[in-house]
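First up is the structure itself, then whatever we jot down about it.
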Amino acid sequence: MAPPVATSTHYDDSSSILSLKKNEGVNNKGVVDVLEDYDGKYRFAPIEEAQVSRAMIKRYFNSMYERAVSDVVIVGAGSAGLSCAYHLGKARPDLKITILEANVAPGGGAWLGGQLMTPMVVRKPADRFLTELGVPFDDEGNFVVVKHAALFTSTILSKVLMMPNVILMNATAVEDLIIREDHHGQQRVSGVVTNWTLVALNHDTQSCMDPNTITAPVIVSATGHDGPMGAFSAKRLVSAGLLKELGNMRGLDMNRAEPAIVNGTREVTPGLIMTGMELSEHDGSNRMGPTFGAMMASGIKAAKEAIRVLDTHQVVDGRIVA
Ligand code: AHZ
């Protein structure tokens, strides 16, 4: 039997220490004794419910406050959006990168391969990105196979979340785009309109529940192909009159689809870069089914595009001014 490990922790909210029974576990330096004992005497440092609430609230709302103006907003944390965030966050640690994901679970469709099977197929040369991430794979010649799609997604997600300049807000839907005239009098996507997803899903059952906004000089849209929330920006560009009509995703052809997505990754309208399968709806290109290399390469290209836009414009308070 391992001996119990007695440790101690600083307890910096003095009002909570006052609520402890006199001298209960607190020494004269304001340090609380804890005990890691799996034989029945495990003891945690005390806590008050309000401390838990405040610990979350102050960090979350500080993030919202700070990110009300971001450098880049990435809409959608699927394989394309996360690949974009990784490359951008690594290449430009100076940028405030804010990822908005409608689902509670980030990762989009990249928790599984095809037909709910676990292995993930990636065509070369996109295997280089897996090597950079440190994700192991079987080499099958022209393509590689990761033993479980979740290994890719959990690895990239953890690396992205470790980056101090990246914030992820999940369960948060982009409901609309901010579109206004730029310094040339041209229509420009200049931010996103957000709401908690649970609110966004209930606009038909409740009267007016107004949204919130994030201003940014560059938006990367990575919302996937058409679905309950998919292809969001592509559809909104049509209804806003910035795109004549949707191209609509074409039938499956792996060999045509993957290069079309990567090569077509671009700033589709001023201020809005599109990546991943959303592009198939915008451009009318084929789907590739369960091969993920194009999502990774498209995300990296979107990050390079975002850097190009930022490096060629002057930005003041999240707005392009020259
Ligand atoms: O929840 C969506 C998902 O996680 C999120 N999303 C969509 N609309 C949103 C909105 N606000 C915030 N309005 C939103 N988030 O975007 C994410 C899209 O991830 P995805 O995995 O669906 O798209 P992807 O382009 O990153 O990867 C596509 C993977 C596919 S689909 C496919 C085929 O059907 O042939 N093949 C591949 C490789």
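Fair warning: this is a prediction, and the values are worked out from it, not measured in the lab. Indexing begins at 1, ligand by ligand and atom by atom, following the structure's order.
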Q: If a pair satisfies ring-ring contact (aromatic ring centres under 6.0 Å, His included) and one of its residues is in residues 83-102, list it, with sequence neighbours excluded.
A: Tyr86-Phe129
Q. Less than 4.0 Å between a side-chain N and a carboxylate O, is that true for Asp37 and Arg43?
A. no
(Q) For Thr291, which part has a heavy atom under 4.0 Å from ligand 1: side chain, backbone, both, or neither? (A) backbone
Q: May I ask you to check whether Gly109 has an N/O atom sitting below 3.5 Å from an N/O atom of ligand 1?
A: yes
Q: Measure the distance from atom 8 (N) of ligand 1 to every protein heavy atom, then report the residue, atom name and distance (to 0.1 Å) of the closest one.
A: Met229 O, 3.0 Å
Q: Report yes if Ala102 has an N/O atom closer than 3.5 Å to an N/O atom of ligand 1; otherwise report no.
A: yes
Q. Counting heavy atoms only, which part of Leu100 comes closer than 4.0 Å to ligand 1: side chain, backbone, both or neither?
A. backbone
Q) Between Arg308 and Glu267, is there a side-chain N and carboxylate O pair less than 4.0 Å apart? A) yes
Q. Any idea which heavy atoms bring Phe152 and Ser83 closest together, and the distance?
A. CZ-OG, 4.2 Å
**Q.** Salt-bridge contact Lys124-Asp139 (side-chain N to carboxylate O under 4.0 Å)
**A.** yes
Q: Mind listing the closest non-hydrogen atom pair of Gly76 and Ile99 along with its distance?
A: O-CG2, 4.4 Å
**Q.** Salt bridge Arg287-Glu258, side-chain N to carboxylate O under 4.0 Å
**A.** no
Q: Do me a favour and list the nearest non-hydrogen protein atom to atom 24 (P) of ligand 1 with residue, atom name and distance?
A: Met295 SD, 4.0 Å
**Q.** For atom 22 (O) of ligand 1, the protein heavy atom that lies nearest, with its residue and separation
**A.** Gly224 CA, 3.9 Å
Q. Taking N or O atoms only and a 3.5 Å limit, does Gly289 qualify as a polar contact for ligand 1?
A. yes
Q: Please identify which atoms of ligand 1 are closer than 4.0 Å to at least one heavy atom of Ala80.
A: 26 (O)
Q: Please identify which atoms of ligand 1 are closer than 4.0 Å to at least one heavy atom of Ala173.
A: 11 (N)
Q) Can you tell which part of Met288 has a heavy atom less than 4.0 Å from ligand 1: side chain, backbone, both or neither? A) both
Q. Can you find an N or O of Ala110 that's nearer than 3.5 Å to an N or O of ligand 1?
A. no
Q) Are side-chain N/O atoms of Thr265 and Ser298 paired as donor and acceptor at under 3.5 Å? A) yes
Q: Consider every N or O of Asn103 and every N or O of ligand 1, then say whether any pair is closer than 3.5 Å.
A: yes
Q: Heavy-atom contacts with Val75 under 4.0 Å: which atoms of ligand 1 show up? List them by number with element.
A: 11 (N), 12 (C)
Q.
I need the nearest protein heavy-atom contact for atom 5 (C) of ligand 1: residue, atom name and distance, please.
A. Glu101 OE1, 3.4 Å
Q: Please determine which of Ile273, Val72, Val192 meets the side-chain contact (heavy atoms from CB on, under 4.5 Å) test together with Ile219.
A: Val192
Q.
Can you report which non-hydrogen protein atom sits closest to atom 16 (O) of ligand 1, along with the distance?
A. Gly76 CA, 3.2 Å
Q: Answer yes or no: is there an ion pair linking Arg250 with Asp283, defined by an N-O contact shorter than 4.0 Å?
A: no
Q) What is the nearest protein non-hydrogen atom to atom 13 (N) of ligand 1, stated with its residue, atom name and distance? A) Val174 O, 3.0 Å
Q: Identify whether the distance between the nearest side-chain nitrogen and carboxylate oxygen of Asp311 and Arg92 falls below 4.0 Å.
A: yes
Q) So, is Arg287 polar-close to ligand 1, with some N/O to N/O distance under 3.5 Å? A) yes
Q: Pick, from Leu252, Val122, Asp226, Thr223, the option with the minimum heavy-atom distance to atom 9 (C) of ligand 1.
A: Thr223
Q) In ligand 1, which numbered atoms sit nearer than 4.0 Å to a non-hydrogen atom of Gly276? A) 25 (O)
Q) For Arg123 and Met254, which heavy atoms make the closest approach, and how far apart are they? A) NH1-O, 2.9 Å
Q: Indicate yes or no: does an N/O atom of Pro290 lie under 3.5 Å from an N/O atom of ligand 1?
A: no
Q | Minimum non-hydrogen distance to atom 18 (C) of ligand 1, winning option of Ala222, Gly108, Gly107, Ala105 | A | Ala222
Q | For atom 27 (O) of ligand 1, the option (of Ala231, Gly78, Ser79) bearing the nearest heavy atom | A | Ser79
**Q.** Under 4.5 Å side-chain linkage, directly or through intermediates, the cluster mates of Val145
**A.** Val121, Phe143
Q.
Tell me the contacting part of Met277 for ligand 1: side chain, backbone, both, or neither, using a 4.0 Å heavy-atom threshold, strictly below.
A. both
Q | Pair Arg67, Thr98: side-chain N/O donor-acceptor within cut-off below 3.5 Å | A | yes
**Q.** Nearest atoms (heavy-atom pairs only) where Ala306 meets Val218
**A.** CB-CG1, 4.0 Å
Q: Would you check the N or O atoms of Thr172, main chain and side chain alike, for any that come under 3.5 Å of an N or O of ligand 1?
A: no
Q.
Can you confirm, on distance only, whether ligand 1 has an N/O atom lying under 3.5 Å from any N/O atom belonging to Met249?
A. no
